[in-house]
Amino acid sequence: MKRVLPPLNALRAFEAAGRLGSFKDAAAELHVTHGAISQHVRLLEQWLDAPLFERHNRRVTLTPAAKAYLAAIGPLFEQLAQATAQYGVPETESPTLSVNAPATFTLRWLVPRLAKFRAAHPEIEVRVDTSNGALESLEARYDLIIRGGPDTFYGYAMQPFLREERLPVCSPALLARVPLRAPEDLRHHTLLHTSSLPRLWPDWLGSARIAALRPAAALTFDHFYLTLQAAIDGIGIAMGPTALVADDLAAGRLVTPFAGPRLPSRSYCTYVPDDKRDDTLVALFRAWLEQEGALAPARADT
């Protein structure tokens, strides 16, 4: 008898989407676009003349008949994989995503969260370079670049994903030694500066209406992450960006001695080259950044 088989690529897309419960995750596993998965599933539904998924606003669920179908064909894919493995499967390189981001952001926000992305997508290799340079000055080409914004650059698609404000932060041990009851008490402390951000303290002191205040001492670092580390170590008081010190505040390594004023700050944004807009890996990483950014507190609590 002639075998009657459905379109195998469509069947493969359905099996991945049904097993993972997500068109997006199926696209990542099969290294195709979300649209390709949708097209394959529609093709299989047309071939079977029956719906496979119930489509909601941002999710899909299997129909009862499709659950039974998946339970029947799922083991067949596993048997096929095992049979193929007996003949040896050629090694393939992991799909790689190249990212460029500022050093302090990478050290204090991105790296602590990358394990979550790796756990969700172990097949994707993420390569991160750090730089504060303008997009047009980068010598290498990257799939995704993280910078402040929102700005417009020709040839790039921009999307904000993380907001922040700036306000003074210090170690609880320092606060215990020399209390800060009011902004005027800063005259008894060392203010920590970063050479690339010289206006942070003057702008905050002006907002607090104590622009003429003279601190006990000042210490300047060439990298912002050194300034924040000095605050954690109790050397002085830094102007902390709420997004980058949120983990330290939650862990009690830093505290915010004043509720305000709070300086507005630029958001963190992703900048993706136009030819990478529809890239599956870029879309996955960008969506993950937006999800993590939405989890961040909008304000740092005192």
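Since this is a predicted model, take the numbers as computed values, not measurements.
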S.K.: Taking 4.0 angstrom as the limit, do D233 and R253 come out as a salt bridge?
M.R.: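 Here D233 does not pair with R253 in a salt bridge, since their nearest N and O are not under 4.0 Å apart.
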S.K.: Roughly how far, to the nearest 0.5 Å, is CZ of R166 from CZ of R262?
M.R.: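 Rounded to the nearest 0.5 Å, the CZ-CZ separation comes out at 13.5 Å.
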S.K.: Does CZ in R19 sit with more than 12 non-hydrogen atoms of other residues, nucleotides or ligands closer than 6.0 Å?
M.R.: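 Yes, the 6.0 Å shell around CZ holds more than 12 heavy atoms from other groups.
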S.K.: What is the distance from atom OG1 of T61 to atom CG of L52, rounded to the nearest 0.5 Å?
M.R.: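 It is 11.5 Å, given to the nearest 0.5 Å.
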S.K.: Checking R199 side chain against L197 main chain: does a donor-acceptor pair fall under 3.5 Å?
M.R.: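 Side chain of R199 to backbone of L197, a donor-acceptor pair under 3.5 Å: no, none is there.
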S.K.: Nearest 0.5 Å, please: how far is CG in L62 from NZ in K67?
M.R.: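 Between atom NZ of K67 and atom CG of L62 there are 7.0 Å.
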S.K.: Side chain of R113, backbone of W109: donor and acceptor closer than 3.5 Å?
M.R.: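 Side chain of R113 to backbone of W109: a pair is present.
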S.K.: Holding to ring pair (Phe, Tyr, Trp, His ring centres under 6.0 Å), I want the full list of residues that pass it with H223, two or more places apart in sequence or in another chain.
M.R.: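 Ring pair (Phe, Tyr, Trp, His ring centres under 6.0 Å) check on H223 returns Y225.
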S.K.: Ignoring hydrogens and angles, tell me if any N or O in the side chain of H189 forms a donor-acceptor pair with the backbone of I237 under 3.5 Å.
M.R.: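 A pair under 3.5 Å: no.
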S.K.: Would you say S207's side chain and D203's backbone share a donor-acceptor pair under 3.5 angstrom?
M.R.: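 Confirmed, S207 side chain pairs with D203 backbone.
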S.K.: Please check this pair: side chain of T220 against backbone of T194, looking for a donor-acceptor N/O pair closer than 3.5 Å.
M.R.: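 Between the backbone of T194 and the side chain of T220 there is no qualifying donor-acceptor contact (under 3.5 Å).
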S.K.: Please confirm whether the backbone N or O of L192 pairs with a side-chain atom of W201, one donor and one acceptor, at under 3.5 Å?
M.R.: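 Judged by distance alone, yes, a pair lies under 3.5 Å.
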S.K.: How many angstroms lie between CG in L5 and CG in L11, if you round to the nearest 0.5 Å?
M.R.: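 Interatomic distance, L5 CG to L11 CG, rounded to 0.5 Å: 9.0 Å.
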S.K.: Any chance CG of D278 has more than 12 other-residue heavy atoms, nucleotides or ligands included, within less than 6.0 Å?
M.R.: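 No, because the 6.0 Å sphere around CG of D278 holds 12 heavy atoms or fewer from other groups.
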S.K.: Do D222 and S195 have a side chain donor and acceptor closer than 3.5 Å?
M.R.: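 Their side chains do not contain a donor-acceptor pair, so the 3.5 Å distance test is not met.
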S.K.: Is L180 reachable from L213 through a run of I, L, V, M, F, W or Y residues, each pair having side-chain heavy atoms under 4.5 Å apart?
M.R.: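 Yes, same cluster.
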S.K.: Under a 3.5 Å cutoff, is there a donor and acceptor pairing between the side chains of D129 and Y142?
M.R.: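 Distance-only check passes for D129 and Y142.
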S.K.: Among residues at least two apart in sequence or on other chains, which ones pass ring pair (Phe, Tyr, Trp, His ring centres under 6.0 Å) with F117?
M.R.: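 Applying ring pair (Phe, Tyr, Trp, His ring centres under 6.0 Å) to F117 gives H121, F285, W288.
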S.K.: Classify the side-chain pair R147/N100 by whether it contains a donor and acceptor separated by less than 3.5 Å.
M.R.: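 Present: a donor and an acceptor within the cut-off.
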S.K.: Does this structure show an ion pair linking R266 with E164, if we count only N-O contacts that are shorter than 4.0 Å?
M.R.: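 Salt bridge flag = no for E164 with R266.
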S.K.: Who are the ring pair (Phe, Tyr, Trp, His ring centres under 6.0 Å) partners of F224, not counting sequence neighbours?
M.R.: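 Partners of F224 by the ring pair (Phe, Tyr, Trp, His ring centres under 6.0 Å) criterion come out as none, since no residue qualifies.
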S.K.: Give the intermediate values and the outcome of side chain to side chain donor-acceptor pair (under 3.5 Å) for residues S98 and R127.
M.R.: CA-CA 5 Å; S98 60; R127 297 180 181 176; over 6 Å; no
S.K.: Can you check whether P160's main-chain N or O pairs, donor with acceptor, with R163's side chain at less than 3.5 Å?
M.R.: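 Checking the backbone N and O of P160 against the side chain of R163, no donor-acceptor pair under 3.5 Å is found.
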S.K.: Using a cut-off of 6.0 Å, state whether more than 12 heavy atoms not belonging to R118 lie near its atom CZ.
M.R.: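 Above 12, so yes.
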S.K.: Which ILVMFWY residues are connected to L43, directly or by a chain of links, through side-chain heavy atoms under 4.5 Å apart?
M.R.: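 Via sub-4.5 Å side-chain contacts, L43 links to none.
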S.K.: With Y271, which residues qualify under ring pair (Phe, Tyr, Trp, His ring centres under 6.0 Å), at least two apart?
M.R.: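 Y271 satisfies ring pair (Phe, Tyr, Trp, His ring centres under 6.0 Å) with F153 once adjacent residues are dropped.
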S.K.: Hey, is the main chain of K24 close enough, under 3.5 Å, to the side chain of S22 for a donor-acceptor pair?
M.R.: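 Confirmed, S22 side chain pairs with K24 backbone.
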S.K.: Which ILVMFWY residues can you reach from L76 by hopping between side chains whose heavy atoms are under 4.5 Å apart?
M.R.: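 Once heavy-atom contacts under 4.5 Å are chained together, L76 still belongs with nothing else.
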S.K.: On the 0 to 90° scale, with breaks at 30° and 60°, tag the Y69-F14 ring pair as parallel, tilted or perpendicular.
M.R.: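 Ring orientation of Y69 relative to F14: parallel.
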